[in-house]
Amino acid sequence: MQFVTRGDRQSPAILFFHAMGVTGASSEPVARYLQQNYYCILPTSSVYCAGQKYSS
C-alpha cells in the first residue's frame, strides 16, 4: 500500500477509499480542495502501481 497525503498532520484526518482498479489520484481534486482544513490520506494498493499486477 502506498499513501499520498495533503494538508497539515495536525488537522483532522480524512482517509479516502476508492474502488478496485482505481488509484488514490482519483481523489486528488477533492483532496486539494480540502487540504487547507484537513489532513487528507489517499491510498493506492501497490498492485495498481506501475509494473505491478493483481494475481487473484
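These numbers were taken from a predicted model, which means no experiment stands behind them.
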Quick one: list whatever passes side-chain contact (heavy atoms from CB on, under 4.5 Å) with D8, sequence neighbours left out.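 Partners of D8 by the side-chain contact (heavy atoms from CB on, under 4.5 Å) criterion, ordered by chain and then number, come out as Q10, S11.
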Can you list every pair that meets salt bridge (Lys or Arg N to Asp or Glu O under 4.0 Å) and has a residue in residues 24-39, with sequence neighbours left out?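 Qualifying pairs, neighbours excluded: R6-E28, E28-R32.
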Verify the neighbour count for atom CZ of F3: are there more than 12 heavy atoms of other residues, nucleotides or ligands below 6.0 Å?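 Atom CZ in F3 is crowded, with more than 12 foreign heavy atoms closer than 6.0 Å.
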Verdict with reasoning, I14 to Y39, per side-chain contact (heavy atoms from CB on, under 4.5 Å): CA-CA 6 Å; I14 298 175; Y39 181 59; over 6 Å; no
What are the two closest non-hydrogen atoms of N37 and P12, and how far apart are they?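 What the structure gives for the nearest pair is O-CD, 3.7 Å.
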With heavy-atom distances below 4.5 Å as the criterion, would you say the side chains of F16 and L34 are in contact?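 Side-chain contact under 4.5 Å: yes.
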So L15 and P43, do their side chains get closer than 4.5 Å, heavy atoms only?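 Yes, at least one pair of side-chain atoms sits under 4.5 Å.
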